[in-house]
**Student:** 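Supplied in structure tokens, the structure appears directly below.
For ligands, and for the atoms within them, numbers begin at 1 and follow the listed sequence.
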Amino acid sequence: MKYIVNGGNKLFGKLEVDSAKNAILPIIAATIMCDDECVIEDIPLYLDVIEMCAIMEKLGKNITISNGNLVISGTLSSTSVIMAETKTLRSSIFMMGSILSKYRKAIFTHPGGCDIGKRPIDIHLDGLEKLGLKYSIANDLIYCDASKVCGSVIELSYPSVGATENIMMASTLIEGEMTVIKNCAREPEIVELARFINSMGGKVFGAGYETIVVYGVKSLHGTKFKCIADRIACGTYLIAGAMCGGRIEMDNVDPNFLLPLIVFLRNSGCNIDLFSDKIILENFSRLKSIEKIETETYPGFPTDLQSPMLVMQTVSKGISIIHETVFEARFKVVNELIKMGAKVNVSERYATVVGVSKLKPAKVKCPDLRGGAGLVLAGLVAKGKSEIDEIFHVERGYYNLETNLKSLGANIEKVE
Ligand code: EPZ
């Protein structure tokens with residue numbers, strides 16, 4: 001599948017931001033910790049969500065979609081998470097914590113995910129070992145035994161999002177035991193996972209801060225839950241509006257989750273109005289470059305918006321230096337952008353972008369999820385017909401992307 005984009009249109013209109021992919025995925029894993037029915041409302045069918053559900057079904061969970069809600073129930077018939085889907089899906093590793101919490105034994109393969117770096121799981125395993133996990137690795141399989149677990153004080157060597165989530169889940173059902181997790185990730189999606197676990201009767205406190213305390217409970221019960229909006233998808237649409245020009249309104253989103261981006265967009269020359277649950281962006285002039293952009297863990301500028309922001313700099317007036325501090329290989333999209341006339345030089349974790357007045361249409365290929373989204377933005381501003389191939393990467397994390405952009409006035413079609 002590919003997108004055909006005829007760039008040059010301004011964007012006008014409003015979008016309702018879908019629920020957050022990176023909140024839904026660990027929450028789906030957390031439903032393993034209870035057999036009762038859990039309902040996750042208004043579920044966007046990102047490809048990653050579909051793959052996560054496929055793994056859950058193969059493990060024995062009952063999964064249905066009813067009236068746009070994801071309904072999950074039942075007990076696992078297997079705790080061997082060894083299937084093709086785990087090789088493409090990083091978030092399959094989130095099941096390690098939830099399965100060990102409830103079933104105490106599991107076999108995993110090393111997870112896959114976007115090719116943006118080595119993506120080790122040492123921080124996950126170190127933390128789980130401190131809870132009492134015993135594991136061995138043979139032929140790329142991780143044999144886990146958590147039959148003897150107890151509460152612990154765990155200090156993460158880096159505020160890893162996935163490791164924070166895994167350890168939070170692994171300690172949830174260690175009945176009567178307290179676990180303290182220090183140097184945690186503070187992303188809004190971490191807070192959502194804690195809110196979900198607590199809605200099932202768990203006791204997780206401090207999520208969103210650098211220390212989380214989990215009081216282990218005996219069991220959890222079913223729940224009904226609606227996730228926060230996807231701040232990265234919202235930020236991507238805002239950058240599209242800034243680059244194309246026009247006026248767009250993003251509804252159902254808390255602007256507090258996107259403050260570093262909002263500052264950059266305002267400094268680039270955009271008018272932005274903020275409300276408690278929506279963001280309105282307006283721009284009708286050429287953007288000014290942001291001299292220095294550095295990705296950080298939350299609440300800093302998010303690595304997942306680095307590629308869209310890099311693309312914005314390729315057509316801004318001036319020079320921008322982008323420092324990617326989170327992942328070691330997140331500039332793969334640059335080679336494709338250069339085919340469109342972008343002036344970008346990459347040296348290790350730095351990209352230097354010299355803005356050009358316009359990009360030219362081209363045939364390009366998505367290297368990963370956020371780089372692919374960046375290529376769509378580039379196609380939207382390049383006057384003429386661009387072909388963006390291997391869009392399965394993009395559909396992993398953007399739901400109805402072409403429909404949404406078309407509703408704002410973009411000329412984009414999805415074709416075989
Ligand atoms: C989550 O990935 C997100 N994925 C990523 O979003 C996001 O970019 C990332 O957090 C950072 O915000 C999901 O939530 C499904 P990390 P995760 O563990 O958990 C290193 C997207 O585009 N590290 O915080 O894998 C790691 O290599 C995706 O939606 C270790 O060294 O991120 C990386 O350099 C991409 N050892 C850094 O930490 C470990 O054990 C951040 O990784 C774990 C991580």
Side-chain angles (χ1 to χ4, degrees), residues 18-30 44 46-49 51-52 55 85-86 88-97 108 110-130 133 135 142 154-170 181 183-193 227-228 230-236 257 260 295-309 323-330 332-333 349 366-374 393-399:
D18 289 316
S19 295
K21 166 181 85 81
N22 290 348
I24 292 168
L25 292 169
I27 281 171
I28 290 174
Y46 303 109
L47 289 189
D48 274 8
V49 168
E51 298 234 316
M52 193 77 165
I55 297 172
E85 289 86 347
T86 58
T88 56
L89 199 60
R90 172 77 180 175
S91 32
S92 56
I93 195 66
F94 296 152
M95 295 178 178
M96 188 178 272
F108 274 82
H110 195 286
C114 269
D115 181 12
I116 51 180
K118 290 191 295 295
R119 314 220 45 200
I121 56 169
D122 55 314
I123 302 173
H124 295 246
L125 293 172
D126 290 352
L128 294 173
E129 262 190 310
K130 290 199 175 66
L133 168 72
Y135 71 91
I142 309 165
I154 298 162
E155 177 138 14
L156 303 185
S157 57
Y158 175 89
S160 153
V161 170
T164 302
E165 291 165 342
N166 240 339
I167 298 162
M168 186 197 292
M169 287 189 270
I181 314 168
N183 194 29
C184 295
R186 298 160 53 192
E187 276 68 4
E189 293 76 26
I190 305 271
V191 179
E192 275 303 83
L193 177 61
C227 284
I228 52 168
D230 193 308
R231 60 195 169 97
I232 303 302
C234 178
T236 307
F257 294 154
T295 62
E296 298 173 80
T297 56
Y298 196 86
F301 182 77
T303 175
D304 293 346
L305 282 176
Q306 182 260 97
S307 292
M309 180 52 84
H323 182 199
E324 170 55 63
T325 70
V326 178
F327 288 102
E328 65 269 30
R330 207 164 197 179
K332 288 195 169 67
V333 67
R349 290 197 180 212
C366 300
D368 51 54
L369 164 53
R370 306 302 175 182
H393 287 289
V394 180
E395 296 191 322
R396 291 184 48 207
Y398 294 89
Y399 185 52

**Student:** Give a yes or no answer on whether the side chain of Arg349 reaches the backbone of Thr325 with a donor-acceptor pair at less than 3.5 Å.
**Tutor:** yes
**Student:** Mark the output for Lys21 as yes if a heavy-atom distance to ligand 1 is under 4.0 Å, and as no if none is.
**Tutor:** yes
**Student:** Check each atom of ligand 1 against the heavy atoms of Ile121 and keep those under 4.0 Å away; list them by number with element.
**Tutor:** 39 (C), 40 (O)
**Student:** Pairs of nitrogen or oxygen atoms closer than 3.5 Å, one from Asn22 and one from ligand 1: do any exist?
**Tutor:** yes
**Student:** Could you check whether Asp230 pairs with Lys21 (Lys NZ or Arg NE/NH1/NH2 to Asp/Glu carboxylate O, under 4.0 Å)?
**Tutor:** no
**Student:** Give me the atom names and distance for the closest heavy-atom approach of Pro26 to Leu193.
**Tutor:** O-CD1, 3.8 Å
**Student:** Quick check: does Asp122 get an N/O under 3.5 Å from an N/O on ligand 1?
**Tutor:** yes
**Student:** Which atoms of ligand 1 are found less than 4.0 Å from any heavy atom of Asp304?
**Tutor:** 5 (C), 6 (O), 7 (C), 8 (O), 21 (C), 22 (O), 28 (C), 29 (O), 35 (C)
**Student:** Any idea which part of Thr303 is under 4.0 Å from ligand 1, heavy-atom wise: side chain, backbone, both or neither?
**Tutor:** side chain
**Student:** Contact between ligand 1 and Gly117 is defined here as a heavy atom of the residue under 4.0 Å from a ligand atom; is it met?
**Tutor:** no
**Student:** Can you tell me which portion of His124 lies within the under-4.0 Å heavy-atom range of ligand 1? Options are side chain, backbone, both, or neither.
**Tutor:** both
**Student:** So, does Thr303 use its side chain to make a donor-acceptor pair with the main chain of Val326 at under 3.5 Å?
**Tutor:** no
**Student:** Which is closest to atom 9 (C) of ligand 1 in terms of heavy atoms, Phe94, Tyr298, Phe327, Tyr158?
**Tutor:** Phe327
**Student:** Under 4.0 Å between a Lys/Arg side-chain N and an Asp/Glu carboxylate O for Glu51 and Arg396?
**Tutor:** no
**Student:** Do NZ/NE/NH1/NH2 and the carboxylate oxygens of Asp304 and Arg330 come within less than 4.0 Å?
**Tutor:** yes
**Student:** Using only atom types and a distance under 3.5 Å, with no angle test, would you say the side chain of Thr295 pairs donor to acceptor with the backbone of Pro302?
**Tutor:** no
**Student:** Taking atom 41 (C) of ligand 1 as the point of reference, which of Ile190, Asp368, Val326 owns the nearest heavy atom?
**Tutor:** Val326
**Student:** Checking the side chain of Glu192 only, and the main-chain atoms of Ile228 only, is there a donor and an acceptor separated by less than 3.5 Å?
**Tutor:** yes
**Student:** Gly162 heavy atoms, cut-off 4.0 Å: which ligand 1 atoms fall inside?
**Tutor:** 18 (O), 19 (O)
**Student:** Looking only at distances, please establish whether an N/O atom of ligand 1 is found under 3.5 Å from an N/O atom of Ile116.
**Tutor:** no
**Student:** Judged by atom type as modelled, is there a donor-acceptor pair below 3.5 Å linking the side chain of Asn183 to the main-chain atoms of Glu155?
**Tutor:** no
**Student:** Which one holds for Leu369 and ligand 1: side chain close, backbone close, both close, or neither close, with close meaning a heavy atom under 4.0 Å?
**Tutor:** side chain
**Student:** I'd like to know whether ligand 1 has Arg330 as a neighbour, heavy-atom separation below 4.0 Å.
**Tutor:** yes
